[in-house]
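Below: the structure, in structure tokens.
All figures in this text were calculated on a predicted structure; none of them were measured in a lab. Along the sequence shown, residues are numbered consecutively beginning with 1.
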Amino acid sequence: MPLPERYVELERDLSTILDEHKPSVLAIETLFFNRNVTTAMQVSEARGVITLCGAKRGISIQPCTPMQVKVAVTGYGKAEKKQVQQMIKLQLGLKELHKLDDAVDALAIAIAGYHLYTSRIN
């Protein structure tokens with residue numbers, strides 16, 4: 001599917017989720033790319049769609065660096081991916097993790113975003 005159509009689908013699907021669940025904050029991982037500029041641009045554009053969806057609904061946006069995510073989940077900013085996965089499993093009381101790394105990453109970002117956001121507003 002061409003990128004513009006994927007962005008339209010992203011906006012439509014995310015809008016449906018946001019309108020149904022009405023979150024007060026969206027946690028979004030900040031970008032860090034050192035090799036593939038094309039991929040960085042595409043991810044940046046998708047991130048823009050996500051940010052716009054939240055902003056249009058008055059939802060606070062909480063950026064999280066990869067290091068902040070690792071610290072929030074494992075207590076160590078240079079944790080390995082397997083360590084993050086294990087801690088997500090433990091913290092959420094899961095017997096097994098979903099097979100998709102992206103789903104585990106999303107859970108880790110959500111946990112970090114929650115901690116960062118609540119420490120900012122308190």
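- To the nearest 0.5 Å, atoms CD (Gln68) and CD (Gln62) are separated by 7.5 Å.
- Alongside Ile17, the hydrophobic cluster contains no other residue (criterion: ILVMFWY side chains under 4.5 Å).
- For Glu11 against Cys53, the heavy-atom pair with the smallest separation is CG-SG, 3.7 Å.
- Side-chain contact between Glu9 and Pro4 is absent, with no heavy atoms from C-beta onward closer than 4.5 Å.
- Partners of Asp101 according to the side chain to side chain donor-acceptor pair (under 3.5 Å) rule, which considers only residues two or more places apart in sequence or in another chain, are Gln85.
- The two residues Thr74 and Ala79 make their nearest non-hydrogen contact at OG1-CB, 3.4 Å.
- Applying the side-chain contact (heavy atoms from CB on, under 4.5 Å) rule to Glu5 yields the partners Met1, Pro2; only residues at least two apart in sequence or on another chain are considered.
- Legend: residues meeting salt bridge (Lys or Arg N to Asp or Glu O under 4.0 Å) with Arg57, ordered by chain and number and at least two apart, are Asp19.
- Partners of Glu29 according to the side chain to side chain donor-acceptor pair (under 3.5 Å) rule, which considers only residues two or more places apart in sequence or in another chain, do not exist here.
- Of all the heavy atoms in Lys89 and Lys95, the pair that sits closest is CE-O, 3.0 Å.
- Under the 4.5 Å side-chain heavy-atom criterion for Ile, Leu, Val, Met, Phe, Trp and Tyr, Ile111 and Leu116 are members of distinct hydrophobic clusters.
- Residues forming a salt bridge (Lys or Arg N to Asp or Glu O under 4.0 Å) with Lys81 (at least two apart in sequence, or on another chain): Asp105.
- Apart from Val49 itself, the hydrophobic cluster it occupies contains Leu3, Tyr7, Leu10, Leu14, Leu18, Leu26, Ile28, Ile50, Ile59, Ile61, where clustering links Ile, Leu, Val, Met, Phe, Trp and Tyr at side-chain heavy-atom distances under 4.5 Å.
- For the atom pair OG1 of Thr16 and NE2 of His21, the computed distance is 10.0 Å after rounding to the nearest 0.5 Å.
- Annotation for Val73 and Val84: closest pair CG1-O, 3.9 Å, computed over non-hydrogen atoms.
- Within 6.0 Å of CD in Glu80 there are 12 or fewer heavy atoms belonging to other residues, nucleotides or ligands.
- Under the side chain to side chain donor-acceptor pair (under 3.5 Å) criterion, Gln83 pairs with no residue at all, not counting sequence neighbours.
- Annotation: side chain to side chain donor-acceptor pair (under 3.5 Å) contacts of Gln86 (sequence neighbours excluded): none.
- Every residue two or more places apart in sequence or in another chain that forms a side-chain contact (heavy atoms from CB on, under 4.5 Å) with Ala112 is listed here: Cys64, Val69, Ala72.
- Residues meeting the side-chain contact (heavy atoms from CB on, under 4.5 Å) test with Ala103, sequence neighbours left out: His98, Leu100.
- Annotation: side-chain contact (heavy atoms from CB on, under 4.5 Å) contacts of Ser60 (sequence neighbours excluded): Val25, Tyr117, Arg120.
- In this structure, Ser15 contributes its side chain and Arg12 its backbone to no donor-acceptor pair below 3.5 Å.
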